[in-house]
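Each remark here refers to the structure printed beneath this line.
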Amino acid sequence: MFGTRLAGANFLSSHNLAFLLSRYSIGIKHLGEPGPTHQQIEQMMLAALRAPDHAELMPFRFCVVSGATRQDLAQLFVAYAQERGKDPASIAIEEERALRAPVTIAVLARLDLGHPLVPVHEQWMCVGGAVTNVLNAAHGMGFAGKMLSGEKARSAKIAAAFCEPGETLVGWIAIGTPTRAIGTRQAKSIQQVLQWWVPK
């Protein structure tokens with residue numbers, strides 16, 4: 001019945017699917033002003049809350065960096081680079097990364113490691129779903145975004161600036177207006193990810 005209903009709704013040519021297929025990440029060097037307003041960010045958070053919630057467990061939190069606080073984030077990134085002995089050019093790159101996007105949203109996981117019903121891997125799936133929903137919502141508003149992580153997310157000093165007790169800094173979502181046309185990438189083969197199960 002489910003398959004019949006999808007076919008009857010002409011699901012494969014629907015506007016919703018076309019919308020999802022049109023989104024992909026764009027580098028932060030192509031993110032400019034204006035960024036999303038407070039109200040638009042709140043709408044993105046409503047989308048995040050539509051991720052699988054496992055009985056309202058919500059193992060994630062988002063912390064918005066915008067306006068003057070971008071300078072504070074830049075100083076954290078600069079201090080991080082200096083502590084690791086990076087050269088001046090690399091330090092300048094780290095500073096630019098913090099300032100490039102109009103809005104940067106820290107992604108924080110707050111996992112219940114001893115939950116009796118929801119294993120940790122399912123909680124991580126919820127975090128990933130929330131991030132995807134934020135990116136899709138931003139795309140629907142005409143913005144572009146990119147998820148950033150890497151070694152900075154493992155810095156104890158940077159994590160301490162964002163995390164509450166028991167939380168893990170996953171990375172950041174950079175969001176802004178695309179400064180170049182977003183073209184279409186060559187589609188990857190679905191055969192890389194799709195297999196029809198045959199019982200053994």
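We're numbering straight along the sequence, starting at 1.
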side-chain hydrogen bond (donor to acceptor under 3.5 Å, both in side chains) partners of residues 126-138, not counting sequence neighbours, each pair once |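 Of all non-adjacent pairs touching residues 126-138, those that pass side-chain hydrogen bond (donor to acceptor under 3.5 Å, both in side chains) are Arg23-Asn136.
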With a cutoff of under 4.5 Å between side-chain heavy atoms, which Ile, Leu, Val, Met, Phe, Trp and Tyr residues group with Ile91?
->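 ILVMFWY cluster around Ile91 also holds Val78.
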Co-members of the apolar cluster containing Leu20 [side chain, <4.5 Å] =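 Hydrophobic cluster check, Leu20: joined to Phe19.
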ring-ring contact (aromatic ring centres under 6.0 Å, His included): which pairs involve residues 32-52, sequence neighbours left out?
->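 Qualifying pairs, neighbours excluded: none.
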[Y] backbone acceptor or donor facing [X] side chain under 3.5 Å:
X	Y	value
Thr179	Gly32	no
Arg70	Ala101	yes
Thr69	Asp72	no
Thr177	Pro34	yes

Would you check, one step at a time, whether the test side-chain contact (heavy atoms from CB on, under 4.5 Å) holds for Gln123 with Asp112?
-> CA-CA 8 Å; Gln123 296 178 48; Asp112 184 345; 3.9 Å; yes
Flag side-chain contact, heavy atom, 4.5 Å: Pro36 against Met141 |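 Side-chain contact under 4.5 Å: no.
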[X] versus [Y], closest heavy-atom pair with distance:
X	Y	value
Phe60	Ala48	CZ-O, 3.6 Å
Pro59	Cys126	CD-SG, 3.5 Å
Val170	Ser149	O-OG, 2.8 Å

Contacts of Phe77 that satisfy ring-ring contact (aromatic ring centres under 6.0 Å, His included) - sequence neighbours left out |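 Checked Phe77 against ring-ring contact (aromatic ring centres under 6.0 Å, His included); matches are Trp172.
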Look at Glu95 together with Lys86 and state whether they make a salt bridge at an N to O cut-off of under 4.0 Å.
->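 Here Glu95 does not pair with Lys86 in a salt bridge, since their nearest N and O are not under 4.0 Å apart.
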Checking [X] now: which residues fulfil salt bridge (charged side-chain N to carboxylate O under 4.0 Å, His left out) with it, not counting sequence neighbours?
X	result
Glu83	Lys157
Lys152	Glu94
Arg61	Glu167
Glu42	none

Under 3.5 Å, side-chain donor or acceptor atoms of residues 190-200 against the rest of the protein: list the pairs with distances, not counting sequence neighbours.
from	atom 1	to	atom 2	distance (Å)
Gln192	OE1	Ser189	N	3.4

Can you name the residues that form a side-chain hydrogen bond (donor to acceptor under 3.5 Å, both in side chains) with Glu96, not counting sequence neighbours?
->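 Listed in chain order: Arg100.
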Mind checking side-chain hydrogen bond (donor to acceptor under 3.5 Å, both in side chains) for Ser90 and listing every partner two or more places apart, or none if nothing turns up?
->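 Partners of Ser90 under the side-chain hydrogen bond (donor to acceptor under 3.5 Å, both in side chains) test: Asp87.
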Between Val134 and Met45, is a side-chain contact (heavy atoms from CB on, under 4.5 Å) present by the stated rule, with each step listed?
-> CA-CA 7 Å; Val134 169; Met45 295 302 105; 4.0 Å; yes
Start with the C-alpha gap between Val103 and Val65, add the side-chain angles, then the distance that decides, and say whether side-chain contact (heavy atoms from CB on, under 4.5 Å) holds.
-> CA-CA 6 Å; Val103 169; Val65 179; over 6 Å; no
Verdict with supporting geometry, Leu108 and Cys63, side-chain contact (heavy atoms from CB on, under 4.5 Å) | CA-CA 8 Å; Leu108 305 156; Cys63 186; 4.2 Å; yes
Within 6.0 Å of CZ in Arg84, more than 12 heavy atoms from elsewhere |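 Counting neighbours around CZ of Arg84, more than 12 heavy atoms of other residues, nucleotides or ligands fall under 6.0 Å, so yes.
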